[in-house]
Each structure stands twice: as C-alpha cells, then as structure tokens.
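Each ligand, and each atom within it, is numbered from 1 in the order the structure gives. Worth saying up front: this structure is predicted, and the values here are computed from it rather than measured.
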Amino acid sequence: MQSRQNYINGQWQAALLGQTRDILNPANGDVIGVVADSTAEDTLQAIAAAKHAFYQQGDWRHMSGPRRADMLYRIADAIRARTEELALLDCLDNGKPLREARCDIEDAAACFRYYAGLIGKPQGGVYEVPDGFGPMHAYSLHEPVGVCGLITPWNYPLLMATWKLAPALAAGNCVVFKPSELTPLSSVVLFEIFHEVGLPAGTANLVLGSGPAAGQPLADSHDVDMITFTGSTRTGQLIARAAVGNLKRVGLELGGKSPNIIFADADLEGAVEWAMIGVFFNQGQVCSAGSRILIEASLKDRFVARLAERANAMTIGPGVSDPDMGPLVSAGQLEKVLGFIERAKAEGATLVCGGQRHTDGDCARGYFLRPTIFDNCRSDMEICREEVFGPVVAIQTFSDEAEAIRLANDTPYGLAGGVFTTDGARALRVMKALRAGVTWINCYNPTFNEAPWGGYKMSGYGRDLGVNGLLEYQQVKQVNINLQPGPVGWYSR
Ligand SMILES: NC(=O)c1ccc[n+]([C@@H]2O[C@H](COP(=O)([O-])OP(=O)(O)OC[C@H]3O[C@@H](n4cnc5c(N)ncnc54)[C@H](O)[C@@H]3O)[C@@H](O)[C@H]2O)c1
Ligand SMILES: N=C(N)NCCCC=O
Ligand code: NA
C-alpha cells in the first residue's frame, strides 16, 4: 500500500525519520491506508516553511482578498466534485454512516464558499476621533495573524479540518495542519486539492502523526503566532499552557456534557427523534452531544419507553452499508466507552437498553456499541459529569423550570444545550439561562457555517464559523492619520 505523505513547502515527502502508521477501518480492523508518522523534526520543518511563506515570500498574505477568494471557490468546487470519494474515505476511516459523511463533505465545500465570500465583504471600520493634535482620522485594518498551527480530532475528519483551514486561509495566514492520527485520509485528499488549485508553496502544510510527537511542537514553537485546536479539554489545557511561551493566540474548541431539556408540553415524537439525533448521531462522538437528557418528571416514563423502543430499532453496521449507526472510531474508544458504562452501572444508574457491543453478522470484528440509555441518574454520577463521547445518554428528571436550569448548568462544561417545549417564552427564558455557546430550541445538533460555534467555561474559548470564525484568524490594526501634516507645536511653548 502506497504511503500517504506529509505536504511541506509544496512537496509531498515521507516523515524525516521514515516512520509510517497503519490506518484502520473501525468496522473490521482492516488496514485501509499507511501514512507518514511524523516527529517534531517534520513539524519544525513545516513551521519553517510556513514562516518563510508568510514573512519572506508573502505571496498569499499580500494576494488581494478577491484573488484568495477565487482560490477558495476552486477548492470548494474540487471538494464538491470529489464528494463521493471524500465521503467514502471519512466513512471508512471514522466509521460514520455514509449519509452522514456525505453531509459533512457538502458542509465542508460550503464552508470554503462561505469564507471565500466573507473575505470580500467590508471589514474593519472608520472612526471619527477628537482633534487631539489637530484634525485626525482613524480606521482599523484586518490583517492575518501570521503562522497558524491547526490541530483537529477524529470525529468529523474533513469538516473539522475545514472549519479551521477555510477561515485561516481566507484571512491570508500560512498554516501547519495536523489532523488526528486516527483519521487522516480525507485530509490528504484536501491537500491534493490545495496543490492542484495552486496554493503558493508553504501556504498550507500538512503534518501527519500523533499529538505528542507531531502536534505539541506547534504549541511549543515561538515561530507559531497562533494555535487553534479542537479536541479534548485535557489536551486543550496542555496546549494553552505550552502557548504561554511566546503568548501565541489560542483558540480552543473542547469537550462538553450538554443538557437536552425536555418539558412535559413538548411534542413527544419530535423530542424523541431529536434526542436521538442529539446523542446517537455520529455514534455519539459529537462534542455538542445532548448526552444528559433532563426531562420533566411527569413525561419521563413515556419518553424513556419510546426512546428505548426507537433506540432498539436502530440499524447498526459498517458505515458503507449506511446504517443508523456505525462503529466507534477505534478499539481504544470502544474500551473507554464500555468503561463508562460499567462504572455507571456500579454507581446505580439503571441500564434501560444497550450497554454492550454489537457483534452480529458482519460486525463481529468491528468496534460497534448498541445505543445505550441510563435512567435514574444523579448529578454526582460520573455518567452525568464526564464526557463519554459515545452513544450513551444519562436521564435525569426535574420538576420545574428553575430545577431544569440548575441541573443543566451544573457542569464544568458549556458547549451546548437544547430545550423542548411548546411554550415559546419559556423556551427563550431557558435558552438564555444556559451557560453554553451553542443552543437549540425544539431541535438538537444542526449547525450552519454562517453562525459562530464554540463553548463557555471548560469547553474552551474562541469561535469557529461565522464572522467570528474569520476574526479569530485576524489581527486588527489601528491606523491613525494626521489630516494636517506638519509641526503641531507641542514642544514650542
Ligand atoms: N468543541 C468542539 O468543537 C469539538 C469538536 C469535535 C471534538 N471535540 C472534542 O474532541 C475530543 C475527542 O477528540 P480526540 O480524542 O481526538 O481528542 P484529543 O484531544 O485526544 O486529540 C485531538 C487532537 O489533538 C492532538 N493531540 C493530542 N495530544 C496532543 C498534544 N499534547 N499536543 C498537541 N496535540 C495533541 C491529537 O493528535 C488530535 O489531532 C472530545 O473531547 C470532543 O468533545 C470538540
Ligand atoms: N452538525 C454538525 N455538523 N456538527 C458538527 C459538530 C462538530 C463537533 O463535534
Ligand atoms: Na481510522
């Protein structure tokens, strides 16, 4: 099998120490690719290339916004033209159902289009200022931050890459990108596309490898002006600490333990289906997963019975067979999630359905887990506090709005949350009371390139997507202009 390589300074190259890593299909454990397994040497070379491209060459940075936009539109078109290939790669590499993978690729293409459009819109501002030293005028100018390190997780391989690459490139930065070592295959295709459309050498560099070996140097390096990371809270803390060395800008999109609040007046069938989309989509490996269902006590029995009935009816199989759920991403992730399940049982949560591997038919060798529901959970249980990142939901009840809000916010995380009710004013009150960055009313999990995405509290800081997502990758320069050049007489009293 030909090994996929790093892309540094416009060239494909093997890892400098020659190491490679097997990439596995989680549906059966088969090797589906071999990629470069980089070390700090590779990352440092990529940083040097990006630094040279940004500070010496400057052709991307100084290219006009509309010309950069042209390039991003061509990238979007190329992604769209290769949708089936990219969807299949993410499906095989991550395990997700094919129809979900196709949505990811369409979203990724749309994200490049969105930032191509945004970079041509008015930016900055013009300010009327008091005449301090005579008549003056001020404006602000948006400029790229410089060399950006981008690190992403495995749950949405191409989409998480795009959420960072599209705005970073639109803004005129030069980047070093390190995808998750578990799911790098679609990123390699994305960089083939970058090469084909003719991004200047060194503008976008790809380094494949593990977090500690290939990712950490991006956080440590004093030649990196910004690091942006999506992944676990623990790794985010390591990155924030390392970034202190040169006070590089940091963007962190981290984990969550998000509440999905359902009032008794909600449409039952709708709430059940959205709750499933909330916590079983992508096998529950979604940072915003509605993994704590808070339900009004009077609706609980009916809701849980219906949720379990529908969860038990979900089809499970390899992502390519387009089931309702595919396998978890890796043997390690399966083991981790099974550990949470065992400890939830030991702490006294009631297992309503699932809780075990699914090994029927062609699933015997894969990392499949049945959708799992725990009832009678308490806020002090691990299953209500820690992010599981699997198809596992914890159910708690509340008796009034105040208790629902208190339980919802009783978490160190603050990424997301949902509320289901037919009382419009209550929906808005509860949504406003949530200490979370992404919220849903009478739905759960859909998100759009146009709107900012990110967390409160230990779910991180900064925002991906929307206008905010572009600002992340820009410095703002204040420009003060003297409208009457010449001496002001300050020292000639
Ligand atoms: N908030 C969001 O937008 C969002 C989106 C997707 C996933 N997530 C979170 O991601 C986590 C799951 O992903 P994961 O298991 O890949 O997370 P992870 O933190 O283990 O890894 C994420 C990335 O960081 C790299 N990494 C690991 N250690 C590193 C280090 N010391 N220095 C630099 N890079 C390092 C990994 O190689 C990978 O590329 C979950 O906690 C989930 O909530 C958050
Ligand atoms: N609905 C979508 N695409 N969600 C992406 C969530 C990314 C975080 O895991
Ligand atoms: Na994989």
Side-chain angles (χ1 to χ4, degrees), residues 21-27 29-33 35 43 89-95 100 103-104 106-108 111 149-157 159-164 177-187 207-220 227 229-243 251-258 277-278 281-282 284-289 291 327 329-333 336 367 386-390 413-416 437-438 440 444-449 453-455 458-465:
R21 171 187 297 268
D22 288 346
I23 299 304
L24 308 182
N25 174 355
D30 287 352
V31 175
I32 51 170
V35 302
T43 304
L89 275 180
D90 271 1
C91 170
L92 289 171
D93 203 351
N94 164 280
E100 294 188 23
C103 292
D104 293 356
E106 283 164 17
D107 270 0
C111 188
L150 321 178
I151 300 177
T152 55
W154 42 257
N155 62 340
Y156 286 86
L159 193 59
M160 292 301 100
T162 298
W163 282 16
K164 300 198 184 301
F177 170 54
K178 194 206 83 67
S180 168
E181 61 275 29
L182 293 178
T183 55
L185 300 182
S186 57
S187 294
V207 180
L208 303 169
S210 78
Q216 181 77 38
L218 289 171
D220 290 332
I227 186 146
F229 169 79
T230 297
S232 62
T233 293
R234 188 174 315 132
T235 307
Q237 289 173 313
L238 287 175
I239 285 177
R241 268 188 214 112
L252 299 175
E253 302 289 342
L254 309 177
K257 188 76 202 181
S258 299
I277 294 172
F281 210 76
N282 208 31
Q285 302 163 137
V286 184
C287 46
S288 56
S291 55
V329 72
S330 66
Q333 189 64 14
K336 191 178 137 195
Y367 316 129
E386 303 269 330
E387 179 177 55
V388 173
F389 227 57
Y413 293 113
L415 185 59
V438 185
W440 289 281
Y444 203 103
N445 255 346
T447 186
F448 307 96
N449 291 311
W453 175 281
M458 289 187 79
S459 295
Y461 35 73
R463 292 291 180 272
D464 282 329
L465 301 181

In Å, rounded to the nearest 0.5 Å, how long is the span from OG1 of T183 to CD1 of I23? 8.0 Å
Going from OG on S210 to CZ on R21, what distance comes out if it is rounded to the nearest 0.5 angstrom? 6.0 Å
Enter the distance from L254:CG to L415:CG here, rounded to the nearest 0.5 Å. 8.5 Å
Does F281 approach ligand 2 within less than 4.0 angstrom via side chain, backbone, both or neither, non-hydrogen atoms only? neither
Short question: side chain of N282, backbone of G284 - any donor-acceptor pair under 3.5 Å? no
How long is the straight-line distance from OG of S232 back to CD1 of I239, given to the nearest 0.5 Å? 8.5 Å
Of all heavy-atom pairs linking A240 and Y461, the shortest is CB-OH, 3.7 Å
Closest to atom 2 (C) of ligand 2 by heavy-atom distance, out of T447, D464, T230, is T447
Ligand 1: which protein N/O atoms lie under 3.5 Å from its N/O atoms?
| residue | atom | partner | partner atom | Å |
| --- | --- | --- | --- | --- |
| ligand 1 | 1 (N) | E253 | O | 3.4 |
| ligand 1 | 1 (N) | L254 | N | 3.3 |
| ligand 1 | 1 (N) | L254 | O | 2.6 |
| ligand 1 | 3 (O) | W453 | NE1 | 3.1 |
| ligand 1 | 10 (O) | G231 | O | 3.3 |
| ligand 1 | 15 (O) | W154 | NE1 | 3.0 |
| ligand 1 | 16 (O) | W154 | NE1 | 3.1 |
| ligand 1 | 17 (O) | S232 | N | 3.4 |
| ligand 1 | 19 (O) | S232 | N | 2.9 |
| ligand 1 | 19 (O) | S232 | OG | 2.7 |
| ligand 1 | 19 (O) | T235 | OG1 | 2.9 |
| ligand 1 | 31 (N) | Q216 | OE1 | 2.9 |
| ligand 1 | 32 (N) | Q216 | N | 3.4 |
| ligand 1 | 32 (N) | Q216 | OE1 | 3.2 |
| ligand 1 | 37 (O) | K178 | NZ | 2.9 |
| ligand 1 | 37 (O) | E181 | OE1 | 2.6 |
| ligand 1 | 37 (O) | G211 | N | 3.2 |
| ligand 1 | 39 (O) | T152 | O | 2.7 |
| ligand 1 | 39 (O) | K178 | NZ | 3.1 |
| ligand 1 | 41 (O) | E387 | OE1 | 2.5 |
| ligand 1 | 43 (O) | E387 | OE1 | 3.2 |
| ligand 1 | 43 (O) | E387 | OE2 | 2.6 |

Within a strict 4.5 Å, meaning less than it, do heavy atoms of the M458 and K257 side chains meet? no
When distances are taken from atom 8 (C) of ligand 2, the protein heavy atom at minimum range is C287 SG, 2.4 Å
Value rounded to 0.5 Å, distance of OH in Y444 from OG in S258: 4.0 Å
Looking only at heavy atoms, what is the nearest atom pair of D90 and S186, with distance? OD1-OG, 2.6 Å
dist L208:CG -> E181:CD (nearest 0.5 Å) comes out at 10.5 Å
Determine whether the aromatic ring centres of W453 and F448 lie less than 6.0 Å apart. no
Below a 4.0 angstrom heavy-atom separation, can you tell me which part of N445, side chain or backbone, both or neither, approaches ligand 2? backbone
May I ask whether N282 places a heavy atom under 4.0 Å from ligand 2? no
What's the shortest heavy-atom distance between N94 and P157, and which atoms? CB-CG, 4.1 Å
For atom 3 (N) of ligand 2, what's the nearest protein heavy atom and its distance? L159 CD2, 3.7 Å
Determine, using heavy atoms of M160 and all atoms of ligand 2, whether some pair is separated by less than 4.0 Å. yes
Step by step, would you call S288 with N445 a side chain to side chain donor-acceptor pair (under 3.5 Å)? CA-CA 7 Å; S288 56; N445 255 346; 2.7 Å; yes
Below 3.5 angstrom, do we get any N/O pair linking N155 and ligand 2? yes
Protein N, O or S within less than 3.0 Å of the Na ion (ligand 3), waters excluded: L24 O, D93 O, D93 OD1, L182 O
